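In this chain, residues are counted from 1 in sequence order. The shown structure was predicted, so the numbers you read here are calculated from the model rather than taken from an experiment.
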Amino acid sequence: MHQLTTPNSNIAFAEFTHTAISDFTANFLTKIGEGRILTDKGEIYKDSSVRQYKMFYHYLLDFEKTHGRKFQFQEITYRFGSEFQSFLTQQDLTLNSISNVMKKFKAVMSLAFREGLSLWNGTGIKTPTELSTEVTLSIEEIKKLRQSDLTNSESAQLDMFIVQCFTGLRYDVLVKFLNNPLAYIKEYEGASYIDIISDKTRQQSVIPIGDTVTNILTKWGEFKTIAEPTMNRNIKTIAEKAGIDNPIVNRVTINGKVQETVIPKWMKIKTHTARRTFATLLSKTDIPNNQISAMTGHTTERQLKMYMRAGKLDLILPAIGHELFNVEI
């Protein structure tokens, strides 16, 4: 067996086998599904990550069909990656969805490189993204949600959403908390706070809570938590009932072209809206960013500011009402 080395390293590669990237990916999906391959953190791949790999595999198979053959690793180069990315732009995918697919392509190439199947590890391919259209809720809008005619089940789910609005917990962490609140609520000098660690990010969040959250916990005692996709659908229904329908511009890039549509606000409300609402409401107080990060679990100020969609509005607030904008012409 002869050995090959990369031009820029001393890494030795075993003799190449004629392995198709689609076959390799299918085998990889089987192994991560069975827990035989773990993440770099030594954990089982989460369902969301598995879904993204399956999405990449789906479009890889479609790409092969357009060419009428499979592609072996030794023929996959930067040019192949660019052509695959161009193919994705023709599949009615958003720019962010294309980015997710390409990231999984690069991850598969990196793994194949480490296993000695490819001389290229997927580097050099850029995966541009765009700022998605996200919304936050005001205190008045949160109150308005409560005023609609809801079933008992919808009321419970709305209260779960409101707890999230006033704690900023990711939905998976919210479920963890609501399944056993007393395990995570602590006391300090008569004040209550949540101290919880995310299983996903391993980041600790320490969040003060007051009557808004404790009253809801007392009201229900225990919650019947539901899957996040179901919760997202239900909270949209609740928001539509409540008349959260002011128009917003939804901006997205599809097929390489920017598209703008005007939609009612309730269509963009989801569990993540609650987390963004929490961060945005805090940003309008005198609480410093480092304290907000301790509550949200963000590790950098850049990550935190991604949630604070009020940033530019805050900058121009002093100019609102300025006499320049009221000149009589």
Between Tyr53 and Ile32, is a side chain to side chain contact (heavy atoms under 4.5 Å, CB included) present by the stated rule, with each step listed? CA-CA 10 Å; Tyr53 275 109; Ile32 63 176; 4.3 Å; yes
Write down the atom of [X], the atom of [Y], and the distance for their closest heavy-atom approach.
| X | Y | result |
| --- | --- | --- |
| Val101 | Tyr59 | CG2-CD1, 4.4 Å |
| Ser99 | Pro128 | CB-O, 3.5 Å |
| Gly256 | Thr253 | C-CG2, 3.8 Å |
| Ile235 | Asn232 | CG2-O, 3.3 Å |
| Leu60 | Ser22 | CD2-CA, 3.7 Å |
| Gly321 | Asn326 | O-ND2, 3.7 Å |

Quick one: list whatever passes ring pair (Phe, Tyr, Trp, His ring centres under 6.0 Å) with [X], sequence neighbours left out.
| X | value |
| --- | --- |
| His322 | none |
| Phe71 | Phe63, His67, Phe80 |
| Phe24 | Phe73 |

Verdict with reasoning, Lys176 to Asp199, per salt bridge (charged side-chain N to carboxylate O under 4.0 Å, His left out): CA-CA 9 Å; Lys176 177 180 177 179; Asp199 294 333; 3.0 Å; yes
Mind checking who shares a hydrophobic cluster with Tyr193, ILVMFWY linked at side-chain heavy-atom distances under 4.5 Å?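 Same cluster as Tyr193: Tyr188, Val206.
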Are Arg69 and Glu75 ion-paired here, with the side-chain N under 4.0 Å from a carboxylate O?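 Yes.
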Taking only Lys NZ, Arg NE, NH1 and NH2, and the carboxylate oxygens of Asp or Glu, determine whether Glu140 and Lys144 approach each other closer than 4.0 Å.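 No, no charged N to carboxylate O under 4.0 Å.
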Taking [X] for its side chain and [Y] for its backbone only, find out whether a donor-acceptor pair lies under 3.5 Å.
| X | Y | answer |
| --- | --- | --- |
| Thr89 | Asn255 | no |
| Ser49 | Tyr45 | no |
| Lys265 | Ala239 | no |
| Thr285 | Leu281 | no |
| Arg276 | Thr136 | no |
| Ser86 | Ser82 | no |
| Gln164 | Leu169 | yes |
| Glu141 | Ser138 | yes |

Could you grab the distance from atom [atom1] of [X] to atom [atom2] of [Y], nearest 0.5 Å is fine?
| X | Y | atom1 | atom2 | answer |
| --- | --- | --- | --- | --- |
| Thr277 | Leu137 | OG1 | CG | 4.0 Å |
| Leu117 | Thr19 | CG | OG1 | 5.0 Å |
| Ile162 | Ile142 | CD1 | CD1 | 7.0 Å |

Give a yes or no on whether [X] and [Y] share a hydrophobic cluster (residues Ile, Leu, Val, Met, Phe, Trp, Tyr; joining criterion: side-chain heavy atoms under 4.5 Å apart).
| X | Y | result |
| --- | --- | --- |
| Trp220 | Met231 | yes |
| Ile37 | Met55 | yes |
| Val175 | Ile194 | yes |
| Leu93 | Leu95 | no |
| Val213 | Ile139 | yes |

Could you check whether [Y] and [X], counting side-chain N and O atoms only, form a donor-acceptor pair closer than 3.5 Å?
| X | Y | answer |
| --- | --- | --- |
| Gln204 | Asp195 | yes |
| Gln203 | Ser198 | no |
| Thr280 | Ser283 | no |
| Asn121 | Thr123 | yes |
| Gln52 | Ser48 | no |

Is it the case that atom CG in Leu111 sees more than 12 heavy atoms from other parts of the structure closer than 6.0 Å?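 Yes, enclosed.
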Taking atom CG as the centre, does Asp149 end up with more than 12 heavy-atom neighbours from other residues, nucleotides or ligands that are less than 6.0 angstrom away?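 Atom CG in Asp149 is not crowded, with 12 or fewer foreign heavy atoms closer than 6.0 Å.
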Before giving the answer on side chain to side chain donor-acceptor pair (under 3.5 Å), spell out for Ser293 and Thr296 the whole-Å C-alpha distance, their side-chain angles and the decisive distance to 0.1 Å. CA-CA 5 Å; Ser293 295; Thr296 62; 4.9 Å; no
Return each pair, listed once, that meets side chain to side chain donor-acceptor pair (under 3.5 Å) where at least one residue sits in residues 238-247; pairs must be two or more places apart or across chains.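 Non-adjacent pairs meeting side chain to side chain donor-acceptor pair (under 3.5 Å): Glu154-Lys241.
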Which residues pass the salt bridge (charged side-chain N to carboxylate O under 4.0 Å, His left out) test with [X], not counting sequence neighbours?
| X | value |
| --- | --- |
| Lys236 | none |
| Glu187 | none |
| Asp23 | Lys70 |

Summary of salt bridge (Lys or Arg N to Asp or Glu O under 4.0 Å) pairs that have at least one residue in residues 41-52, sequence neighbours excluded: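 Output for this query lists Glu43-Arg202.
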Strictly by salt bridge (Lys or Arg N to Asp or Glu O under 4.0 Å), give each pair with a member in residues 211-233 just once, sequence neighbours left out.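 Sorted result for residues 211-233: Asp159-Lys219.
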What about Phe278 and Phe166, are their ring centers closer than 6.0 Å?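 No; Phe166 has its ring centre 6.0 Å or more from that of Phe278.
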Stepwise, does the side chain to side chain contact (heavy atoms under 4.5 Å, CB included) test hold for Thr167 with Met295? CA-CA 8 Å; Thr167 61; Met295 299 182 219; over 6 Å; no
Can you find a heavy atom in the side chain of [X] that is under 4.5 Å from one in the side chain of [Y]?
| X | Y | value |
| --- | --- | --- |
| Asn250 | Glu260 | no |
| Asn96 | Ser132 | yes |
| Ile238 | Leu150 | yes |

When the side chains of residues 102-110 are checked against the rest of the protein, which donor-acceptor pairs come out under 3.5 Å, sequence neighbours left out?
from, atom 1, to, atom 2, distance (Å)
Lys106, NZ, Ile125, O, 2.8
Ser110, OG, Arg114, NH1, 2.9

Test log, rule side chain to side chain contact (heavy atoms under 4.5 Å, CB included), inputs Val163 and Leu174: CA-CA 8 Å; Val163 169; Leu174 175 73; 3.7 Å; yes
Among all residues two or more places apart in sequence or in another chain, which pass the side-chain hydrogen bond (donor to acceptor under 3.5 Å, both in side chains) test with Gln147?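 Applying side-chain hydrogen bond (donor to acceptor under 3.5 Å, both in side chains) to Gln147 gives none.
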I'd like to know whether Thr94 forms a side chain to side chain contact (heavy atoms under 4.5 Å, CB included) with Ser97, so could you lay out the CA-CA distance, the side-chain angles of the two residues, the decisive distance to 0.1 Å, and finally the verdict. CA-CA 5 Å; Thr94 66; Ser97 292; 3.0 Å; yes
